[in-house]
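Structure first, then comments.
All of these numbers come straight from a predicted model, not from anything done at the bench.
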Amino acid sequence: MRKLELLAPAKNLECGIAAIDHGADAVYIGASRFGARASATNSGDDISVLCRYAHQFGAKVYVTVNTIIYDDETEQTCQLLNELSIIGVDAILVQDMAVLSLVEDSLKSDCRFSLHASTQTDNRSAEKVRWLRSLGFSRVVLARELTLDEIAAIHAAVPDVELEVFVHGALCVSYSGLCYASQYCFNRSANRGECAQFCRMKFDLLDADGNVLEHQRHLLSLKDMCQIDNLEQLAEAGASSFKIEGRLKDVGYVKNVVAAYSERLNAIVKRHPDKYCRSSRGKCRYTFTPDLRRTFNRGYTTYFANGRQPNIASFDTPKAIGEYVGTVKEIKGRQSLTVAGSAVFVNGDGLCFVNDDRELEGFRVNRVENNRLYPLKMPASLKKGMRLYRNNDLQFERILSKPSAERKIPVSMKLRVSSAGFLLSIDDVEVDMPLEHQKAQKSQRDNIVHQLTKLGDTPYECTAIDIPENFDYFIPGSRLSELRRMAVKAYAASMKAESELHVKKADAEQVDVPVYRQSYCYNVSNKLADKFYASHGMKPVQPAFELRTPQHPLIMQCRHCLRYSLGYCVKNGGHVPSWHEPLSLRLGDGRLFRLEFDCRNCQMNIYGV
């Protein structure tokens, strides 16, 4: 039976606990340093608390150590790895191959966590996954750009590696780990967790003659991924972990998105009980109905899951547009508007629209009278017939700002008489408490059931209790409570032992290192990584882009293609372009970036000029 894991982001301890409460089987979180979101860091104490909380439910905690590191940071990295091992995290996500050497040298046989290859290692082929497996990685986080068929082919070729796939959230336009645009333009390394979001900026698109084909549009900005309708197909393809992006998102986002995906995974398990199960324990009850439309999104796309699709980009805005709520039916005196649609509004809602200049504008609703809205200030460019979106749902935010879920592990109890006292079992875990057998003058069943099932603030709830019909003994309330506590403690200990992580060593296997045309793509930023690649027959390897900027460098490799998105991919039935190539992107400050269309590999490359 395959275990399916819903993996949620945790900006902080609050988000991590909320993710577990709302149905996550695992969370990933940044430590004090070396995570690919430099602004989402957490102390060892907070990660330790999160581990204890998650492990009650058999859920896991993964820590991101997925930046490249510099030579003067190796000692700090060793200290962090030792701390994470002592804390008891279940895995670390790794990009820099130097970390493998540090794990081996500093932890040796005491390593208590698994190694997961971060998507920053650019994992899009069976060749790459097989190589990572040979190095000791038990799991590989695949590139977001892969199709269902490509995932299935990787699983078929390397079936003993866990495959983790992104299913929801923001999309990077470049293959992860191979984006150097932020470093090239702003001296902020995406491989160091400092991405400046170059891809969300405005560009002109120019042809070789200098003609402007597109003016000031967000040509590299993608919509957000949403694979909730593809979860079963992803599982069939071989994915076992379904990852939600968002380590910078707030707790409301985490609650809503995790609950939505958890419910869908539960439905899949219910349809295929002999094929799949969840990887952690516990059932969730919510105070709200999850709705992905009502939380942060730039519009949704399934990206390349079912092959190349149109409309994966958000050319007009990189900002959240939220839920479509209707069209402007009437504007009355620049004071109010009526909306054609079935949405219900409340005072304080934030609405937005795309104006005639293809710019996103927003306004706050000050007063609501059915479908007539009175904005705090009426936007001058709002017109009849324009589509409206709600990107700030005040009522939904209020619901999610309060406790909104409870997660409990259902257990069954059984009470029996033993030779020296009484036996209480929770599921298959049994404790025996010595106690005199004292006959009861009247039935004690109701009191016994009440006392034994008072599980309070434990993560358990009793869904069935078995007491023989002829059970006619009196047990004092204090001893019943003691018996219950003994049983809960024993059960919790057994669950912890069951979920103890056994780190498997990789089988000795020689696999060639996948080759890059530009060897700075190996992101070698320290002596340990250089030594690592040399030991695998790769010498010389260029230093990381962050250490030495190449001339006219390849700064992005994208499956997103502007030819295709603008309707000019002849290979896919588009118009024959009348422009002369090469095309270029131009930032507002005048800097140019040359485009290369690699049709053989169905890829668009972006070069610094």
May I ask you to test the [X]-[Y] pair for a side-chain heavy-atom distance under 4.5 Å?
X    : Y    : result
I151 : Q233 : no
L132 : T121 : yes
L583 : L213 : yes
F545 : P550 : yes
R200 : L220 : no
M604 : L562 : yes
D204 : L585 : no

Side-chain ion pair, [X] and [Y], N-O less than 4.0 Å:
X    : Y    : value
R600 : D598 : no
E127 : R133 : no
D349 : R364 : no

Counting distance only, does the side-chain N/O of [X] pair as donor-acceptor with the main-chain N or O of [Y] below 3.5 Å?
X    : Y    : answer
K329 : G385 : no
N297 : G299 : yes
R390 : G322 : no
N123 : V141 : yes
E73  : Y70  : yes
R2   : A239 : yes
S565 : C561 : yes
T295 : L292 : no

As an exercise, state the distance from [atom1] of [X] to [atom2] of [Y], rounded to the nearest 0.5 Å.
X    : Y    : atom1 : atom2 : answer
T302 : I312 : OG1   : CD1   : 9.5 Å
D160 : H155 : CG    : NE2   : 10.0 Å
R124 : Q557 : CZ    : CD    : 5.5 Å
Q395 : N347 : CD    : CG    : 11.0 Å
K377 : Q335 : NZ    : CD    : 12.5 Å
C199 : M556 : SG    : CE    : 5.0 Å

Assess the side chains of [X] and [Y]: does a donor N or O sit below 3.5 Å from an acceptor N or O?
X    : Y    : answer
E596 : N605 : yes
S584 : R594 : no
Q120 : N66  : no

Review point. Cation-pi between R247 and Y28: NZ/CZ under 6.0 Å from ring centre and within 45° of the ring axis?
Key: no
Check your understanding: More than 12 non-hydrogen atoms from neighbouring residues, nucleotides or ligands closer than 6.0 Å to CG on N370, yes or no?
Key -> no
Point to revise | Which atom of R264 lies closest to which atom of D229, heavy atoms considered | key: NH1-OD1, 2.8 Å
Practice item. For D357, enumerate each residue passing the side chain to side chain donor-acceptor pair (under 3.5 Å) test, keeping only those at least two apart in sequence or located in another chain. Key: none
Point to revise | Counterpart residues, side chain to side chain donor-acceptor pair (under 3.5 Å), relative to E5 (two or more places apart) | key: Y62, R139, S241
Practice item. Please assess R559 against E150 for the test salt bridge (charged side-chain N to carboxylate O under 4.0 Å, His left out), listing each intermediate value before the final yes or no. Key: CA-CA 14 Å; R559 205 163 199 175; E150 287 169 333; 2.9 Å; yes
Report the residues that fulfil salt bridge (charged side-chain N to carboxylate O under 4.0 Å, His left out) with [X], sequence neighbours left out, ordered by chain and then residue number.
X    : value
D149 : none
E232 : R271
R367 : E369
K243 : E164

Practice item. Quick one: do E214 and K202 satisfy salt bridge (charged side-chain N to carboxylate O under 4.0 Å, His left out)? Show the steps, please. Key: CA-CA 10 Å; E214 295 286 338; K202 283 184 178 180; over 6 Å; no
Review point. Under 6.0 Å between ring centres, would you say that holds for Y300 and H168?
Key: yes
**Study point:** Test ring-ring contact (aromatic ring centres under 6.0 Å, His included) applied to Y516 and Y522, step by step
**Key:** CA-CA 8 Å; Y516 285 112; Y522 291 106; 5.1 Å; yes
Practice item. Write out all pairs satisfying ring-ring contact (aromatic ring centres under 6.0 Å, His included) with one or both partners inside residues 586-609, taking only residues at least two apart or from two chains. Key: F198-F593
Check your understanding: Under the ring-ring contact (aromatic ring centres under 6.0 Å, His included) rule, what pairs show up with a residue in residues 565-587, not counting sequence neighbours?
Key -> Y568-W579
Exercise for review: Might you work through the side-chain hydrogen bond (donor to acceptor under 3.5 Å, both in side chains) test for S336 and R372, ending with a clear yes or no?
Suggested key: CA-CA 7 Å; S336 67; R372 181 168 290 279; 2.7 Å; yes
Practice item. Determine which pairs satisfy side chain to side chain donor-acceptor pair (under 3.5 Å) with at least one residue from residues 303-318, sequence neighbours left out, and list them in order. Key: R217-D316
Check your understanding: Does anything in residues 248-258 pair up under side chain to side chain donor-acceptor pair (under 3.5 Å), and if so which pairs, sequence neighbours excluded?
Key -> K255-S404
Solution key, residues 175-183 side-chain donor-acceptor pairs under 3.5 Å, sequence neighbours excluded:
residue, atom, partner, partner atom, Å
S176, OG, R144, NH1, 2.9
Y180, OH, G177, O, 3.4
Y180, OH, N523, OD1, 2.9
S182, OG, R188, O, 2.6
S182, OG, A196, N, 2.9
Q183, OE1, S189, N, 3.4
Q183, NE2, N187, OD1, 3.0

Exercise for review: Quick one: do D96 and N526 satisfy side-chain hydrogen bond (donor to acceptor under 3.5 Å, both in side chains)? Show the steps, please.
Suggested key: CA-CA 9 Å; D96 195 323; N526 55 72; 2.9 Å; yes
Exercise for review: Output all residues satisfying ring-ring contact (aromatic ring centres under 6.0 Å, His included) with Y389, sequence neighbours left out; order by chain, then residue number.
Suggested key: Y324
